[in-house]
*Asks:* 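Dropping the structure in here first, questions after.
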Amino acid sequence: AQKITQTQPGMFVQEKEAVTLDCTYDTSDQSYGLFWYKQPSSGEMIFLIYQGSYDEQNATEGRYSLNFQKARKSANLVISASQLGDSAMYFCAMRELYTGTASKLTFGTGTRLQVTL
Amino acid sequence: GAGVSQTPSNKVTEKGKYVELRCDPISGHTALYWYRQSLGQGPEFLIYFQGTGAADDSGLPNDRFFAVRPEGSVSTLKIQRTERGDSAVYLCASSGPAGSGYTFGSGTRLTVV
């Protein structure tokens, strides 16, 4: 079974600073995908970034980058130049790839990020 | 439609009543997922449809929960004899071909009083 662990229930960061949100995962599969989602107080899940298990380069999307360390089974999200609008819950998630039916996402418990002035 | 639409956005019901939650996925997305998110938790998988059939319903907590997708588009999550513990946000997501991403709806907040 897949498992996602996010050990930081809450994080604070000052505006314009960088912050790293931790995510470790456990799977016996060779092929999998890792996702990060942002959930503001309004409730919608906003896709941020994706990393495939066979991707050799770390994924980047604007101010978001994913620090993928396959041997350590970690997929930390780095947000650079934090903005007040980044305050939200952040979820790490994983899915199996290319298996018959199991394409569901497994989520961690989330990290609440608060950006301060 | 342009996004995943969930109705109603909020539902308050009395314990023991029956409720239906609706999800209208992105046009052309063959896969549809239901998740339940309790306060302070991450979303938990309930059921996944590929077309009209339930490909994986292993997350449904008990037989009071049931979901259908009769024409391979709109899906309805049905909860019988609601209990206070069913109170949560129910999220729906859809996805296109394998390897593509997921688009989530804004959820239905269910409160059982």
Side-chain angles (χ1 to χ4, degrees), chain A residues 1-10 21-25 31-55 59 61 64 66 77 88-112, chain B residues 2-11 21 23 26 29-60 67 88-111:
Chain A
Q2 299 180 329
K3 184 177 169 62
I4 295 283
T5 302
Q6 294 181 256
T7 57
Q8 306 155 312
L21 306 184
D22 293 343
C23 172
T24 58
Y25 59 91
S31 297
Y32 50 89
L34 295 157
F35 297 75
W36 276 92
Y37 285 87
K38 172 184 178 181
Q39 189 177 45
S41 55
S42 52
E44 73 268 33
M45 297 288 278
I46 301 168
F47 167 75
L48 296 178
I49 196 166
Y50 169 80
Q51 179 88 39
S53 58
Y54 290 117
D55 294 341
E61 289 285 349
Y64 305 108
L66 200 152
L77 176 71
M89 282 291 287
Y90 288 80
F91 291 98
C92 181
M94 176 169 64
R95 74 167 181 200
E96 298 170 351
L97 288 175
Y98 311 123
T99 58
T101 59
S103 298
K104 65 191 178 195
L105 284 173
T106 300
F107 285 85
T109 51
T111 296
R112 181 171 296 283
Chain B
V4 177
S5 175
Q6 290 188 249
T7 54
S9 54
N10 279 284
K11 175 73 176 177
L21 312 180
C23 174
I26 288 176
H29 276 190
T30 55
L32 185 147
Y33 309 80
W34 283 99
Y35 288 83
R36 178 168 70 174
Q37 186 175 20
S38 300
L39 194 63
Q41 300 295 314
E44 293 177 290
F45 170 76
L46 295 176
I47 186 170
Y48 148 54
F49 289 90
Q50 187 66 262
T52 59
D56 183 349
D57 64 358
S58 61
L60 294 177
V89 174
Y90 289 81
L91 292 167
C92 176
S94 68
S95 67
S100 66
Y102 303 79
T103 302
F104 282 81
S106 297
T108 293
R109 181 176 298 279
L110 176 67
T111 305

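Each chain gets a letter, A, B and so on, in the order its sequence line appears, and its residues count up from 1.
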*Asks:* Please evaluate residues B/Tyr102 and A/Phe35 with respect to the criterion side chain to side chain contact (heavy atoms under 4.5 Å, CB included), reporting the C-alpha separation (whole Å), side-chain torsions for both, the decisive distance (0.1 Å), and the verdict.
*Replies:* CA-CA 10 Å; B/Tyr102 303 79; A/Phe35 297 75; 3.8 Å; yes
*Asks:* A/Ser41: which residues meet the side-chain hydrogen bond (donor to acceptor under 3.5 Å, both in side chains) condition with it, sequence neighbours left out?
*Replies:*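 side-chain hydrogen bond (donor to acceptor under 3.5 Å, both in side chains) list for A/Ser41, sorted by chain: empty.
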*Asks:* What verdict does the side chain to side chain contact (heavy atoms under 4.5 Å, CB included) test give for A/Gln39 and B/Phe104, after you've listed the backbone C-alpha separation in whole Å, the side-chain angles of each residue and the deciding distance to 0.1 Å?
*Replies:* CA-CA 11 Å; A/Gln39 189 177 45; B/Phe104 282 81; over 6 Å; no
*Asks:* Could you measure the distance from the CZ atom of A/Phe91 to the CD atom of B/Gln41? Nearest 0.5 Å is fine.
*Replies:*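 If I round to the nearest 0.5 Å, the distance is 8.5 Å.
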*Asks:* Looking at A/Lys104 and B/Tyr33, what are the two nearest heavy atoms and their distance?
*Replies:*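 Where A/Lys104 meets B/Tyr33 most closely, the heavy atoms are CA-CE2, 4.1 Å.
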*Asks:* Got a second to check how far B/Thr103's OG1 is from A/Met45's CE, nearest 0.5 Å?
*Replies:*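 Output value for this atom pair is 12.0 Å.
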*Asks:* Main chain of A/Leu105, side chain of B/Tyr35: is a donor-acceptor contact present, judged purely on distance under 3.5 Å?
*Replies:*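 Judged by distance alone, yes, a pair lies under 3.5 Å.
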*Asks:* So what's closer than 4.5 Å to chain A heavy atoms on B/Gln37: side chain, backbone, both or neither?
*Replies:*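 Contact with chain A involves the side chain of B/Gln37 alone.
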*Asks:* From B/Ser95 OG over to A/Arg95 CZ, what is the distance, rounded to the nearest 0.5 angstrom?
*Replies:*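 Reported to 0.5 Å precision, the distance equals 7.0 Å.
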